[in-house]
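FYI, side chains are in, hydrogens and waters are out, and symmetry mates aren't considered; it's all heavy atoms of this structure.
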Amino acid sequence: MLPRGTAMAVLAATGAGLLGWFSGRRLRGPAHIYTQDRELLAAMADQSADAIIACTLDGTVTVWNKGAERLYGWSAEEVLGTPFRGILPPGADPTLEQALAVLATGGHIHLEETLRIRRDGSSLLVSVTVSPIRDQHGTVVAAAATERDITEKRRFQAEERRAVERSARAARLESLGQLAGGVAHDFNNLLAIILNYADFLADEVTGDGAADLSRIRDAADRARVLTEQLLLFAKREPTQVEVVDLNEAVKRSGELLTRTIGADVRLVCRPCGAAVPVYANRGRLDQILLNLVINARDAMPDGGVVVVETGLTEIRGVSAVPLPPGRYARLTVSDTGTGMSAEVRDRLFEPFFTTKPADRGTGLGLSTVYGIVGDAGGHISVDSVPGVGTTFRILLPYAAGRAVGTGHRPVQAGPGGDGQRVLVIEDEDYVRDLVVRILQENGYRTTAISEDAAAGVDLTDVALLITDVVLPGRSGPAVAAQLTARCPGLRVLFMSGYSDAELRRRYDIPPATRIVQKPFTAVELLATVGEALAPVHQP
């Protein structure tokens, strides 16, 4: 250990910054004042919140202030005279020797971040400034370090960085969702034309022509499914939500999924012991399970295990999951596959992004899952380690004390019209002609008008207005409001390729006013028209 005088000088000299300036300005004058100032600086350094440590050039600790005691857990009596290596992580000896060699030549060392070990074995991050200490002859005799705990600062910075990344990813996905929703809306107009005109021709075409027409119809149906997936990702596809037992959804899908994934992949279902009711769409839950399990199977080309689990979790206070505090149902799908890199994980839910060959995936499976979960008010996250596997965790709103639903009835065609007069407003010519044709062939008197002509149209004996919601000029709801002001008894039916919920929110459409979603079939359109014209039963 250094003599007390030298140790005091070292301790005083370790007060970098302000202490260094103070010593340069004040350590002059009579010897007794010089000594007092040195002792004052030593006391200030000893009380510093930072760890102030000094050691000889062979690494023996000579100064260990109270800040070091608080930071590392060892008292000065335990450390003084021992090797400095005690607080360094394993394998740091070469780095220490190199640093001491630099200091011996008069060099300085500054580390923005380095690892240290506490007495209890826990690790922490510190910033370090090390300076050489010289005797009265200018010879370097020791080294002094100021070490500041930055563990919490780095943790906060990492959380802030992750929050920024999540926000940027969410904004990117939102932009992609808007694009996907717009494309799907326009595509739905085309699909409505293709589907219905194919149906019109079905009774008129025979032989090879009928087979070709059937292929066209099948292709249009597949395109309709793809469009629904785009709208799900964009959160613009309306879904009927009910209370569903997550356990039952997993059990019911188990047999189908086992047959789907093949003999070399083992599916393990671990439902929670108690019922797990959630607010969700029954069919969408099946889509989630199918997409995630198929994705897991494709990540295990040599076989493996897929584990599907359900459970409950509680979110309290501030959480990394962007959901309000409360109880949530948890669905976990894990595999022992190839895993993925961080770059792939960050783009995983983007539509059309896939690492699979072109003939094995569209890149819409996981984006569909993302949209379904978001539409249900839940959250999805993924952890993956290359070569180890991947785990998807989904949280869904917990429906405590609610009865489980039993499903929804299929759409059935209405009885047809009885000469009722219907106004049709649609800016897409082929869609307008399609609606007019379906209605006229099923007993309705139909008049197609433009939005500009709506103000002067004769509303005598008009029973129903059918209008697209999004029109080039005014919106469909604005036109409907103008006409119902003139004819209070006029019924209204809207058409759109966007979602029911979004349209009602944007245009303030009442829940009682029906919206038929494009692409619709003749059966779906007639059923909705029949409901819109049905007599209102007074209580």
Task: Value rounded to 0.5 Å, distance of OG1 in Thr139 from CZ in Arg134 - done: 8.0 Å
Task: Heavy-atom pair with the smallest gap, counting every atom of Ala249 and Leu289 - done: O-CD1, 3.7 Å
TODO: Scan residues 71-123 for pairs that pass ring-ring contact (aromatic ring centres under 6.0 Å, His included), counting only residues two or more places apart or in two chains.
DONE: Trp64-Tyr72
Open item on the list: Testing the basics here: between Thr62 and Thr56, what is the closest heavy-atom pair and its distance to 0.1 Å?
Closed with: CG2-CG2, 3.6 Å
Task: Minimum-distance pair of heavy atoms, taken over all atoms of Leu395 and Val373 - done: O-CG1, 4.4 Å
TODO: Using modelled atom types only, decide if a donor and an acceptor are shared between the side chain of Thr338 and the backbone of Gly387 within a distance under 3.5 Å.
DONE: no
- [ ] Using atom types as modelled and distance alone, determine if a side-chain donor or acceptor of Thr336 lies under 3.5 Å from a backbone N or O of Val305.
- [x] yes
Open item on the list: Taking the basic N atoms (NZ, or NE/NH1/NH2) and the acidic carboxylate oxygens, is any pair closer than 4.0 Å for Arg155 and Glu152?
Closed with: yes
Open item on the list: Determine whether Leu103 and Ile109 satisfy the following criterion, side-chain contact (heavy atoms from CB on, under 4.5 Å), listing intermediate values before the conclusion.
Closed with: CA-CA 8 Å; Leu103 292 162; Ile109 296 173; 4.1 Å; yes
Open item on the list: Between Glu78 and Arg119, does any side-chain N to carboxylate O distance fall below 4.0 Å?
Closed with: yes
Task: Heavy-atom pair with the smallest gap, counting every atom of Asp264 and Ile261 - done: OD1-O, 4.1 Å
- [ ] Heavy atoms only: give me the nearest Ser384-Gly339 pair and the separation to one decimal.
- [x] OG-CA, 3.3 Å
Open item on the list: Closer than 3.5 angstrom, by distance alone: can the side chain of Asp335 be matched with the main-chain N or O of Val306 as a donor-acceptor pair?
Closed with: no
TODO: Could you tell me whether a side-chain N or O of Asp245 sits under 3.5 Å from a main-chain N or O of Val276, the two making a donor and an acceptor?
DONE: yes
Open item on the list: Taking Thr129's backbone N and O only, do any of them form a donor-acceptor pair with Glu147's side chain (distance below 3.5 Å, no angle check)?
Closed with: no
TODO: Identify the two heavy atoms, one from Ser123 and one from Leu115, that lie closest to each other, and give their separation to 0.1 Å.
DONE: CB-CD1, 3.7 Å
Open item on the list: Tell me whether Asn247 contacts the main-chain N or O of Pro277 through its side chain, where contact means a donor paired with an acceptor under 3.5 Å.
Closed with: no
TODO: Using a strict 4.0 Å threshold on nitrogen-to-oxygen distance, state whether Asp286 and Arg252 make a salt bridge.
DONE: yes
- [ ] Kindly write out the residues that satisfy side chain to side chain donor-acceptor pair (under 3.5 Å) with Arg154, not counting sequence neighbours, or none if the list is empty.
- [x] Glu113, Gln157
Task: Side-chain (Thr114) to main-chain (Leu111) donor-acceptor, under 3.5 angstrom - done: no
Open item on the list: Can you see whether Thr391 engages Asp383 through a side-chain donor-acceptor pair at a distance of less than 3.5 angstrom?
Closed with: no
- [ ] State whether the side chain of Asn65 and the backbone N or O of Ile52 hold a donor-acceptor pair below 3.5 Å, judged by distance alone.
- [x] yes
